[in-house]
Amino acid sequence: MPATAQRPDRLDRSDLDDLARRLAEPVGRLLRTELRHGRERAGRLHDRRR
């Protein structure tokens, strides 16, 4: 492969940063939902640590 040709499946740093920013909110929302469901299954509707 020539040195000037870029692999299409390779991301540079700015692409990775952009991807991380775009994924942070949806993944966080899924984690919060899963934690809430776990508390509901355990019979505790509120997280008492706060």
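- Among residues two or more places apart in sequence or in another chain, the side-chain hydrogen bond (donor to acceptor under 3.5 Å, both in side chains) test is passed with Thr33 by none.
- Of the inter-residue distances, the one linking Leu35 atom CG with Leu30 atom CG reads 11.0 Å to the nearest 0.5 angstrom.
- Arg13 meets the side-chain contact (heavy atoms from CB on, under 4.5 Å) test with Asp17; sequence neighbours excluded.
- For Arg41, the side-chain contact (heavy atoms from CB on, under 4.5 Å) test picks out Glu34, His37, with sequence neighbours left out.
- Not a single salt bridge (charged side-chain N to carboxylate O under 4.0 Å, His left out) links Arg21 to another residue, sequence neighbours left out.
- No more than 12 heavy atoms of other residues, nucleotides or ligands shown are found within 6.0 angstrom of CD on Glu25.
- Under the side-chain hydrogen bond (donor to acceptor under 3.5 Å, both in side chains) criterion, Asp12 pairs with Ser14, not counting sequence neighbours.
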